[in-house]
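Convention: sequence-line order gives letters A, B, ...; per-chain numbering from 1.
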Amino acid sequence: MNRVVIRTRALAKRYGDQLAVDGLDLEVREAEVFGLLGPNGSGKTTTILMLLGLTEPSAGEIAVLGLDPRRQPITVKRQVGYLPDAVGFYDDYTARENLRYTARLNGRKRAGLEAEIERALARMGLADVIDRRVATYSRGMRQRLGLAEIVLRAPRIAILDEPTVGLDPAGAGEFLDMVLALKHEGMSVLLSSHHLHQVQAICDRVGLFSRGKMVLQGTVDELASQVLGASWRVHLEAQGERLAAALQAIPGVGRVAEERKSHWLVEADNDVRPALVRAALDAGAEIRSVQMERPGLDEIYANYFRSPAAGAYA
Amino acid sequence: MNREGSPWTGLGPVFGKELSDQLGSVRMRILELLVLIAAIGAVYVASQTMRATLAQSPIAFLQLFTTAERPLPSFVTFLGFFVPLMAVSLGFDAVNGELNRGTLSRVLAQPIYRDALLMGKFLAALATLALVLVGLWLVTTGFGIVVLGVPPGGEEVGRGLLFLLLTLFYAGVWLSLALLFSLLFRQPSTSAMVSLGVWIFFAVLWPIFAQYLAQAITGPAFFESSQIRQAELATMIARVSPSTLYAEAVQVILHPSVRSLGPVFYSQIERALIGAPLPLVESLSLVWPQVVALLSASCLLFALAYVVFQRREIRA
C-alpha cells in the first residue's frame, strides 16, 4: 500500500454554533485520486481550506506530507497545488502573464520560465490562446488554465475543488483525463465534487460527505457492498417454472425478485453470472438475456441515506 | 506560535504586479489628467497674480503653491482635495475585488503569507501616489521657473520636498482606511462609498462640529479666558480629523512666516519681527506633532487592516 500523504484526525471546524466539519478522519495515499464527494454545503471546501492552512481548524490534527499546515504553511503550500472552486484569474492578463505571476510568487527565477509556461499550457490544449486575455476564456479553458498552473508548479499533491462544475460532459471528461494523467506521473490528487457519477470513474477511493461528517470511505466497490449489501446486481430475462428456487440456491445470491413477468433481478456478493446461467438451464428455463448492473455512487449515496444506519443524519 | 519562513516572501512580485496595474489602470489615468489640469491651472493663475503684485519674494516658489486667485483655489487646496480621492480609488477594491474575482484564494494558496499580499498592495499604491506627486511637483516647479524666471532656492526645494512627504503621509491615512474597508465590506462599491463618506465627514463636517462641540462642552463663554479655552478646545477637537492636521502642517511648512497654530497673545508677539520667516527646522518642529499624528494614524489603520485580513475567511 502506498504512503499516506494527507491524514486528518478528528478534524473539526465550527462557525458560530454550526459545525461545518465534524470529527473528520481522512487518509489520502500517494499517487491515488481520492474523491471527496457530497452535496453542496457538506463541508468539502472547508476541509480543503484547512488542509492548505488557509482556514484555522477548531479542533483535531492535520498532517500533509507529515507537516502541520498551521505551523508550516509555506512548506505545505509549496508542495500542494490548489485549484479553487470557481477559480479566478486576472482577466486583463493573458494566460502567460497569469502563470508568470504565480511562478514569481513561487520564487521561480526567470531563466527557462517562459518555455516551461508554454509547455504547461500546450499540455492543457491552450497553446493557441497563450497570449490572449483570460477575459476571453470559456469556463472550461479557465479550468484547464488552473490545471496548467498546477502542472507548472509540479507539486506532490493537487487539490481540486469542484473542478467539473459548469463544464459540458465532453469538457468534463477531457478534464478528468488530464487529472488522470497527472496521477500516472505520481501526483496524489484530492478531488471534491457533488457530481458523483462524473468523478467515480477516475477515483481510486472516495469519501462520502454529509453535513460535515465523512459517512463512508473506500473504493466504489467496497462502498457498494457495504451499503447495498450485495453489490452485484444481475438482470436476467428468462422463462421457467422452478426458476426462483433454482436461482436462490446459488451460493452467494442474496435477494431474488421477479420485477415483472420473466424479468428477474438477482443480487449477489460476487459475479454469479456463469452459475446463474447454468442453474437456469438446469431448471429448464429459456434465457433471453443476462445483464449485470454495477451500482453507481449516486445509488450508493441515495441508499445510504435511506438505510437505518443513516437515521441519525437523515 | 512561531511561523516558519519570512513574511516578506512574494512581496516583490506582488508589489511589481500591483504597481504596474495601478499605473496602467484607466481610473488612475483619468485622475492623473484631472490633477494635472487642475494643478497647472492653479499654478498659472497664481503666477499671474504674483507677477502683478510682488515681483521678487524670497519664497516665490512656495507662494506659487499657496496663492489662490478667485475663482480658482490654490494648488495646495487642489491637492488636499484630490489626494484623498486618489488614495481611496487606489485602495477601495484591493481585497474585496480579488475575493469577488476568485483570485484571492488562488493567490493565497501559493507559498506566501497574507502579509506579503497586503503589504505589497499598500506599498504599490503608496508608490503610485508618490510617483504622481513627484511628477506633479516637478511639472509645477518647472512651470514656475519658466514663468517667474528664477530657479527655486535651497530652502524652497527643501520645503517643497517636505510638503510632498507630508502629502504622502496624508494619502497613507486614506489609503489604509480604504484598504481596511475593502476588507470589511464584500462589495467594492460599498467600500468606496463608505471611504468617501468618512473622508467628507472629516474634511467638511468635522471642523464645523468641532466649534459646536467645544461650545457645548465649555458652556457660554463670557470672559476672555473662557473664550480662549473654548477656542483651544475647538482646535483640539478639530485635530481629530486628518484633514485638519494636514492643513495645519502644510500651512506651516509652506508659509515660513507662520509661527504658531491656534490663538496667540499680544504679549507673546511683543518685539517679534512680524512676517520674518522661520528657518525650516523651526517650522518642522512646530508641526512635528501633526506629522507624527498623520503617520501614526496610517500605521494604526494599516495594522487594523492587517489583523482583520489575518482572520478573514477567504472563500468566495
Side-chain angles (χ1 to χ4, degrees), chain A residues 13 15 20 44-46 48-56 67-93 97-108 110 134-135 142 145-146 149-150 152-153 155 158-162, chain B residues 1-29 93-121 124 188 307-316:
Chain A
K13 176 68 183 179
Y15 290 111
K44 295 174 306 211
T45 301
T46 308
I48 287 172
L49 291 178
M50 286 193 286
L51 293 178
L52 286 160
L54 293 176
T55 287
E56 196 88 352
L67 303 167
D68 186 343
R70 276 170 294 186
R71 288 182 170 274
Q72 289 165 293
I74 300 296
T75 318
V76 167
K77 287 196 277 187
R78 194 163 283 138
Q79 302 184 66
V80 181
Y82 174 44
L83 179 62
D85 182 12
V87 63
F89 289 91
Y90 297 106
D91 277 352
D92 291 339
Y93 282 31
E97 287 164 345
N98 266 297
L99 288 197
R100 194 186 291 147
Y101 180 49
T102 329
R104 300 281 299 140
L105 286 178
N106 280 273
R108 289 285 294 272
R110 285 204 167 83
V134 174
R142 280 164 199 262
L145 179 54
E149 182 183 291
I150 291 176
L152 179 68
R153 293 184 51 203
I159 298 183
L160 318 175
D161 195 358
E162 297 280 7
Chain B
M1 187 148 61
N2 278 333
R3 296 199 302 185
E4 50 140 6
S6 157
W8 309 125
T9 313
L11 182 63
V14 173
F15 179 79
K17 177 195 171 288
E18 292 296 327
L19 190 63
S20 83
D21 282 4
Q22 298 285 21
L23 289 175
S25 70
V26 179
R27 106 174 54 133
M28 216 45 217
R29 292 264 167 82
D93 65 346
V95 179
N96 52 15
E98 295 237 10
L99 190 69
N100 290 339
R101 274 177 294 173
T103 48
L104 188 62
S105 52
R106 193 174 56 83
V107 167
L108 289 181
Q110 309 305 324
I112 59 165
Y113 280 114
R114 296 182 182 197
D115 312 36
L117 189 72
L118 197 66
M119 200 61 167
K121 279 176 177 290
V307 170
V308 171
F309 191 39
Q310 294 297 332
R311 294 167 182 280
R312 190 93 169 94
E313 289 292 333
I314 56 154
R315 52 198 306 179

Colleague: Could you tell me which portion of B/R114 (side chain, backbone, both or neither) has an atom closer than 4.5 angstrom to a non-hydrogen atom of chain A?
Modeller: side chain

Colleague: Which residues pass the side chain to side chain donor-acceptor pair (under 3.5 Å) test with A/Y90, sequence neighbours left out?
Modeller: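 Partners of A/Y90 under the side chain to side chain donor-acceptor pair (under 3.5 Å) test: B/E98.
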
Colleague: Could you walk me through whether A/V134 and A/N98 pass side-chain contact (heavy atoms from CB on, under 4.5 Å), step by step?
Modeller: CA-CA 8 Å; A/V134 174; A/N98 266 297; 3.2 Å; yes

Colleague: Output the option from A/T75, A/L83, A/L52 having the highest count of non-hydrogen pairs under 4.5 Å with chain B.
Modeller: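 The residue among A/T75, A/L83, A/L52 with the greatest pair count is A/T75.
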
Colleague: For A/L105, is it the side chain, the backbone, both or neither that has a heavy atom under 4.5 Å from a heavy atom of chain B?
Modeller: both

Colleague: What residues of residues 15-26 of chain B sit under 4.5 Å from chain A when you count only heavy atoms?
Modeller: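 Heavy-atom contacts from residues 15-26 of chain B to chain A are B/K17, B/S20, B/D21.
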
Colleague: Would you check if B/Q110 and A/E149 make a side-chain contact, meaning some heavy-atom pair closer than 4.5 Å?
Modeller: yes

Colleague: Go through A/L160 and A/Y82 one step at a time and tell me if the side-chain contact (heavy atoms from CB on, under 4.5 Å) criterion holds.
Modeller: CA-CA 6 Å; A/L160 318 175; A/Y82 174 44; over 6 Å; no

Colleague: Quick check: do A/I159 and A/V80 have side-chain heavy atoms less than 4.5 Å from each other?
Modeller: yes

Colleague: A/R78 and A/N106: side-chain donor and acceptor closer than 3.5 Å?
Modeller: no

Colleague: Strictly distance-based, threshold 3.5 Å: is any side-chain N or O of A/K77 a donor or acceptor partner for the main-chain N or O of B/I112?
Modeller: yes

Colleague: Restricting to non-hydrogen atoms, name the atom on B/G120 and the atom on B/L11 that form the minimum distance, rounded to 0.1 Å.
Modeller: N-CD1, 3.3 Å

Colleague: Specify which of A/D91, A/D92, A/V76, A/T45 makes the most heavy-atom pairs with chain B at under 4.5 Å.
Modeller: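 The candidate making the most pairs under 4.5 Å is A/T45.
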
